[in-house]
There are 2 protein chains.
Amino acid sequence: MIYLDNNATTRLLPEVLAAMMPYFGELYGNPSSIHLFAEQSREALRQSRVAVGRLIGSRPEEIVFTSGATEACNLAIFGAAAARPERRHIVVSSVEHHAVLHPIERLRAQGYEVTVLPVSSSGGLTAAEVAAALRDDTLLVATMLANNETGVIFPVAEIAAAAKARGALLLCDATQAVGKMPVHARRLGVDYLALSAHKFHGPKGVGALAVRRGAPIVAQLVGGGQQWDIRSGTENVPGIVGMGMASYLARRRLEEGAYGAVEALRDRLEQAILANIERVVVNGGGEPRLPTTLNVSFEDSSGEAMLQLLDEVEIAASSSSACQSNVKEPSHVLTALGLSERYLHGSVRFGLSLLTTDDEVDELLARLPRIVARGRAASTERSASE
Amino acid sequence: MIYLDNNATTRLLPEVLAAMMPYFGELYGNPSSIHLFAEQSREALRQSRVAVGRLIGSRPEEIVFTSGATEACNLAIFGAAAARPERRHIVVSSVEHHAVLHPIERLRAQGYEVTVLPVSSSGGLTAAEVAAALRDDTLLVATMLANNETGVIFPVAEIAAAAKARGALLLCDATQAVGKMPVHARRLGVDYLALSAHKFHGPKGVGALAVRRGAPIVAQLVGGGQQWDIRSGTENVPGIVGMGMASYLARRRLEEGAYGAVEALRDRLEQAILANIERVVVNGGGEPRLPTTLNVSFEDSSGEAMLQLLDEVEIAASSSSACQSNVKEPSHVLTALGLSERYLHGSVRFGLSLLTTDDEVDELLARLPRIVARGRAASTERSASE
């Protein structure tokens with residue numbers, strides 16, 4: 001199997017699992033219990049906070065562990081709204097993940113005004129565009145660091161500065177970026193930064209919201225008062241330990257410049273597709289992008305058919321966000337890029353990782369021309385039958 | 001180490017870990033991806049829903065996986081309130097876990113009226129007492145199945161019938177009960193039932209809310225639309241698989257009557273304490289109780305000192321809910337029992353499990369008289385110095 005769906009989820013690294021194992025075994029104490037046995041669990045949480053904080057440029061005490069990025073984004077949005085009820089305006093990019101867009105839609109239904117910012121045809125957004133949308137009553141600006149479908153990187157530091165100048169809070173959904181590019185919450189100047197372990201070779205079911213010291217937040221899960229009463233619930237100790245180890249490894253890889261090779265592989269794939277297949281565009285191609293993501297649209301082809309054909313030869317890819325795979329409508333991200341109908345339905349996202357090999361890319365390149373041709377035939381048949 | 005804090009958390013069973021391992025390895029697909037590889041993750045979720053549903057008497061499609069019982073209780077309370085905004089009254093027992101009480105307190109702050117029902121001196125609550133508190137605008141009744149501190153079991157089926165007769169919804173926090181006594185959500189007639197895997201030898205970081213088919217609910221985590229749009233977020237596949245296996249094993253143990261031995265061990269411990277130590281009461285002693293829980297209060301003793309002394313000889317127990325261990329105030333549960341001050345501060349909770357042995361109970365019994373005596377001395381010293 002050739003796995004090129006790393007934007008959906010990544011393979012757990014063996015070192016991460018090894019770090020988790022003791023906490024599935026002897027070290028099962030509840031960190032909230034007072035006995036010494038539980039101290040081992042508490043210490044594990046502390047160390048993981050340090051490791052996660054180091055990866056994203058936050059202090060350990062700013063890390064609030066959650067069940068994943070969806071919870072983290074929901075916490076930031078609803079938590080900021082509850083903390084500053086006098087501000088009733090939100091600015092959000094049109095290409096955010098649904099875990100950001102849908103909570104904001106809920107606030108809109110409750111009376112908030114929402115400015116949804118369009119992006120350029122290459123998926124870009126400038127700080128000036130955000131600044132122009134800000135108002136005196138802007139509660140929150142939500143702009144992701146790197147887009148999960150196109151890999152396009154937003155100028156979050158500049159956006160954060162613009163937000164701060166108007167007293168607005170900034171949520172940066174860094175879920176797709178963390179572990180694949182340097183991320184430094186403090187230097188970015190964001191108030192809330194969301195991430196998820198399983199996107200960078202950690203376990204599913206654990207993520208975090210980094211809450212800048214002093215940033216207002218009202219807890220959304222209330223109960224036993226864990227995590228400074230910002231997020232109640234017995235901590236997922238093995239998962240958090242796994243996230244800590246995944247963070248440590250990711251930081252080391254980034255320091256070693258390991259993503260240079262992934263980027264070269266992605267670029268080779270991209271150039272070979274452009275050279276060998278006609279009528280294709282690279283979505284987000286004109287913008288700074290994650291080294292791991294290649295999103296291409298083939299004119300007059302069926303993304304669904306191409307993915308199925310890839311699947312038949314054991315190549316796993318996707319057409320848009322995994323969270324939206326069941327939905328037949330075209331991705332809101334590619335729609336926001338203003339892609340024409342003839343390209344919109346012929347999109348495939350290849351998500352590479354450090355585990356992707358040269359041979360896998362060669363295999364994909366060998367098969368792709370025929371698969372695109374068959375996708376085009378399927379698309380023509382469908383059009384004819386409609 | 002003698003672990004008698006099983007109400008706080010339990011040891012993961014090796015079979016549970018074994019079931020999880022493939023999903024930390026080769027089977028890492030995102031269940032929302034469309035390729036065949038991800039189908040294995042989807043199938044794992046389906047099987048786990050069946051196993052959890054069988055344990056608690058719910059249909060698979062009624063099981064909404066969460067990050068634990070805290071999230072499940074928060075989802076039920078806030079989700080019911082959002083679904084039925086016209087009803088503004090809530091009935092809750094005074095001995096619920098904070099994961100139930102605190103969300104309800106938040107609703108009270110938003111204008112809801114809340115009736116907090118006292119319990120008897122033995123921790124009991126009758127359906128008639130609940131019925132008397134119901135009103136035409138009662139949204140929700142929240143009564144746990146078994147108390148986490150005393151083990152006292154509430155007559156939830158009768159309470160649910162009373163609630164239903166008045167059109168109120170019923171949340172049953174069954175976190176402490178599931179896996180230790182038969183639980184059947186449909187026969188109980190509850191609308192929402194909360195549980196957590198790590199309380200019955202499953203992994204931390206995963207739980208569920210069983211939502212009766214047709215019961216109103218508004219999602220609290222919104223985003224990618226997973227789990228019928230009731231709970232967005234990439235599913236914690238290995239954790240859910242672990243919860244499924246823990247459910248399967250728990251059901252088998254219950255069918256085999258395995259808890260008879262635990263109950264006999266608990267009863268032996270209880271009787272020996274009553275026989276050998278003076279001035280001691282069993283909290284919840286007059287009520288039906290979980291087979292696993294013994295909560296005792298020693299007059300004029302210091303619970304804190306006793307726990308520390310137990311800890312020094314590697315016996316892990318607790319004085320109240322683990323979630324409240326950092327809090328110096330006496331437990332709200334024991335306070336609700338009307339325990340006098342002289343007993344209130346001398347409480348210890350022993351939480352047994354299927355892994356607890358005769359030898360461990362003997363060891364505890366051998367050490368306890370001296371520990372209680374020293375706890376009493378510590379209490380006297382403290383009183384003298386005040």
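Residue numbering restarts at 1 for every chain, and letters A, B, ... go by the order of the sequence lines. Because only heavy atoms are used, hydrogens play no part in the values below, and waters and symmetry mates are left out as well, while side chains stay in.
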Structural part of [X] lying under 4.5 Å from a heavy atom of chain B:
{"X": "A:Thr10", "result": "backbone"}
{"X": "A:Asp311", "result": "side chain"}
{"X": "A:Phe78", "result": "side chain"}
{"X": "A:Glu312", "result": "neither"}
{"X": "A:Leu221", "result": "both"}
{"X": "A:Glu235", "result": "backbone"}

Relative to chain B, which of [options] shows the most heavy atom pairs under 4.5 Å?
{"options": "A:Gly242, A:Ala69, A:Ala316, A:Ala317", "answer": "A:Ala316"}
{"options": "A:Met20, A:Glu26, A:Gln308", "answer": "A:Glu26"}
{"options": "A:Gly239, A:Ser196, A:Ser232", "answer": "A:Ser232"}
{"options": "A:Ala38, A:Pro103, A:Pro203", "answer": "A:Pro103"}
{"options": "A:Glu71, A:Glu105, A:Arg106", "answer": "A:Arg106"}

Say you draw a straight line from [atom1] of [X] to [atom2] of [Y]; how long is it, rounded to the nearest 0.5 Å?
{"X": "A:Ser67", "Y": "B:Phe65", "atom1": "OG", "atom2": "CZ", "result": "14.0 Å"}
{"X": "B:Ile34", "Y": "A:Ser318", "atom1": "CD1", "atom2": "OG", "result": "7.5 Å"}
{"X": "B:Arg231", "Y": "A:Thr70", "atom1": "CZ", "atom2": "OG1", "result": "7.5 Å"}

Within the distance-only criterion (no hydrogens, no angle test), does the side chain of [X] pair as donor or acceptor with the backbone N or O of [Y] below 3.5 angstrom?
{"X": "B:Lys204", "Y": "A:Tyr28", "answer": "yes"}
{"X": "B:Asn30", "Y": "A:Thr9", "answer": "no"}
{"X": "B:His98", "Y": "A:Gly224", "answer": "no"}
{"X": "A:Asn74", "Y": "B:Val222", "answer": "yes"}

**Q.** Validation row: B:Leu310, A:His35 side chains within 4.5 angstrom (heavy atoms)
**A.**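 No, their side chains stay 4.5 Å or more apart.
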Q) For B:Ser33 and A:Asp5, which heavy atoms make the closest approach, and how far apart are they? A) OG-OD2, 2.6 Å
Q) So what's closer than 4.5 Å to chain A heavy atoms on B:Leu36: side chain, backbone, both or neither? A) both
Q.
Using a 4.5 angstrom heavy-atom cutoff, name the option from B:Gly29, B:Gly68, B:Pro238 with the most pairs to chain A.
A. B:Gly29
